[in-house]
2 protein chains.
Amino acid sequence: MTRQGTDTRERIIAAAIETLREEGFAGTTAREIARRGGFNQALIFYHFGSVANLLLEVFGSTSDEQVARYREAAAKVASLSDLVAIARSLHDEDLRSGAVAAVTQLMAAASNPDEGRAILDRFEEWILLVQEALGKAMSGPLEAVVPTRQAAYAISAMFLGIELLTHLDSHRSEADAVFDMMAALAQLVEQLTPMLLPQ
Amino acid sequence: MTRQGTDTRERIIAAAIETLREEGFAGTTAREIARRGGFNQALIFYHFGSVANLLLEVFGSTSDEQVARYREAAAKVASLSDLVAIARSLHDEDLRSGAVAAVTQLMAAASNPDEGRAILDRFEEWILLVQEALGKAMSGPLEAVVPTRQAAYAISAMFLGIELLTHLDSHRSEADAVFDMMAALAQLVEQLTPMLLPQ
DNA sequence: GTCTATACTTGGATAGAC
DNA sequence: GTCTATCCAAGTATAGAC
């Protein structure tokens, strides 16, 4: 059992992630992935059928991994402030890894409806994670007014948008200030919530 | 003065918009634009230098036009509910025109920093428009707590995210429900604002 | 399963006639 | 300013040896 033979698929996925991060979506071609991974370009088609397929699996694989990591943190959420803190740390992580930014590129580049739906299916896990955390973050009276599903959808969309904008010019990004604002807003809501009478 | 000679640039831009809307970003190639517009592919390079340049001008041109149209509506905003209503109608419009969805694709595909900055410069107008409307929508005490710049940035980002997700599968999009939620939230905030004492 | 080699396609871009 | 013709690069994908 040679070192090479063990798992070429894994090597390909790893090389694709690296390429995605360092070259962006447009630069992530079969040739470039193969060059970085030090294997033959034909292997991508043998193992995954197409580059688009490979990228879908990459999204699935990194997504599963990240969801698993953040699920623990999400379970501990007890307030909106906690939720903002998690969003901020995910953003910070993404400045380095570019994982979410890559997802936005994948979404934007989705050419056919099937591909779009496949990506959406994967993203659904993220929305559910946010929804779960949101359920814990919002206490009684607030929850009665704000449907968690839609709020989770809106928050997830906002996060995507922020990463999209940040990716355009990370130096000019206002993400930090936005998270500050959200943190202040979360505190305010937390103070006001007791005044909301259950109707 | 032949019909053709008058303004080829305009014809090219129009054809590019049509292509963008119907074929998506990936399908918007020099050849396809020319085919739709019924002119020669070489003209694109003569007039715009490159396809990427053409698309930047398209973004600028449609953006200017839309900002002008929405500026009037934004000036009349008097409450958060008004702002939500505008966002909803912009979304409805985008379901047909795909203009914002095209912008998200342009953003995601930006390959080099210069292109990214150019797009961001154009998008800045949109953020300012939202910020202006937000200034009118939030009355005294609320404005003191929520910085309009960051809120406008967050709202703009959320809108981009929603269009990105909607574009993946418009049939499954939850945008409508999200706008409903926002409308309810806006009403709630409007009711509670008087209770915010200026600190 | 992996490699080499290569066919095929598409799309950006330019030269040069008109 | 517009057209025809063409070049060139890049990328997907496959055939066939190993």
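Order of the sequence lines sets the chain letters (A, B, ...), proteins ahead of strands, with each chain counted from 1.
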Taking only N/O atoms, report every protein-nucleotides 14-17 of chain C pair under 3.5 Å with atom names and distance.
none

* Is it true that the side chains of B/S81 and B/E190 contain a donor and an acceptor less than 3.5 Å apart? -> yes
* **A/R35 CZ - D/dG11 P separation (whole Å)** => 12 Å
* Which whole-number value in Å describes the distance from A/I12 CD1 to D/dA13 P? -> 14 Å
* Salt-bridge present (A/R172, B/D121; N to O < 4.0 Å) -> yes
* Does A/S50 or B/L43 map to a spot on DNA chain D nearer the 5' end, using the closest nucleotide for each? -> B/L43
* **Salt bridge present between B/D180 and B/R88 (N-O < 4.0 angstrom)** => yes
* Structure fact -> Taken to the nearest whole Å, NE2/A/H47 to P/D/dT14 is 15 Å
* Asked: Taking CD1 from B/I33 and C1' from C/dG11, how many angstroms apart are they, rounded to a whole number?
  -> 11 Å
* **Nearest-angstrom distance from the residue atom CD of B/E23 to P of C/dT10** => 14 Å
* **Length of the line joining B/L55:CG and C/dG11:P, which is rounded to integer Å** => 14 Å
* To do: For B/R9 and D/dG1, give me the distance from atom CZ to atom P, rounded to whole Å.
  => 10 Å
* Distance-only side-chain donor-acceptor flag, B/E93 / B/Y70, under 3.5 Å -> yes
* Asked: Would A/R36 and A/E32 pass as an ion pair if we require N to O under 4.0 Å?
  -> yes
* Cation-aromatic face contact B/R11/B/F39, 6.0 Å, 45 degrees -> no
* Round to the nearest Å and state the distance from B/L54 atom CG to C/dG11 atom P. => 15 Å
* Side chain of A/T29 (C-beta onward), nearest among C/dG12, D/dG11, C/dG1 -> D/dG11
